[in-house]
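A quick write-up on the structure given underneath.
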Amino acid sequence: MKMIIAILHKEDEIDTVEELNKENFFVTKLATTGGFLKSKNTTIMIGVEDEMVEKAIEIIKQNAGRRQGLQYNTAGLGTTGTASISNMAIPIEAPMGGCTTFVLDVEQFEKF
C-alpha cells in the first residue's frame, strides 16, 4: 500500500478531489499555506493499493498539473492632460497550476 501526498493550488482543489472521488479514491484534504508568496494551497492525502498509484497520479496531473492559461495583469499607462488612463486589465498567456506529489510506502494500515 502507498500514501500519495499532493500539494496543489487552492484553485485546483475542487476539480481534482471530484475526479478522484469519481474513480473511487478517498481523499483527505488539508488547507495549507506555503511557497514564496505564502499562497493558499491544499494538501491531499490518498491511501492506495500499489497498482492504483499511477491512475491516481494521472488524475492529479490532469486537474492540477502545470498548464497555460489567461492571467489578467494591470498596467499603468500614464496620464494625458487631466484624464488618467491606468489599471486596464491586459490578458496575457501565463503558466498556471502545478503540484508537488510524494508517494510513500505504508507499512501498516488499519481502519476501525
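Checked options N63, T42, N41; the residue passing with E13 is T42 (criterion: side-chain hydrogen bond (donor to acceptor under 3.5 Å, both in side chains)).
Between atom SG of residue C99 and atom CD1 of residue I60 there is a gap of 6.5 Å, rounded to the nearest 0.5 Å. Between K61 atom NZ and E54 atom CD the span is 8.0 Å, to the nearest 0.5 Å. Separating the OG1 atom in T16 from the CD atom in Q62 is a distance of 10.0 Å, to the nearest 0.5 Å.
Taken together through direct or relayed side-chain contacts under 4.5 Å among Ile, Leu, Val, Met, Phe, Trp and Tyr, M45 and I57 form parts of separate hydrophobic clusters. Residues I5 and V27 do not share a hydrophobic cluster, clusters being chains of Ile/Leu/Val/Met/Phe/Trp/Tyr side chains in contact below 4.5 Å. The hydrophobic cluster containing V53 also contains I44, counting ILVMFWY residues as joined when their side-chain heavy atoms lie under 4.5 angstrom apart, directly or transitively.
The number of heavy atoms from other shown groups lying within 6.0 Å of CD1 (I14) does not exceed 12.
No donor-acceptor pair under 3.5 Å is formed between the side chain of D12 and the backbone N or O of L8.
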If you look only at distance, which donor and acceptor atoms sit under 3.5 Å apart when one is on a side chain in residues 17-24 and the other is two or more places apart or in another chain?
{"unit_1": "E19", "atom_1": "OE2", "unit_2": "K22", "atom_2": "NZ", "d": "3.2"}
{"unit_1": "N21", "atom_1": "ND2", "unit_2": "F25", "atom_2": "O", "d": "2.9"}
{"unit_1": "E23", "atom_1": "OE1", "unit_2": "K55", "atom_2": "NZ", "d": "2.9"}

Output side-chain donor-acceptor pairs under 3.5 Å for residues 101-112, partner residues at least two apart or in another chain, one line each.
{"unit_1": "D105", "atom_1": "OD1", "unit_2": "K2", "atom_2": "NZ", "d": "2.2"}
{"unit_1": "Q108", "atom_1": "NE2", "unit_2": "E110", "atom_2": "OE2", "d": "2.2"}

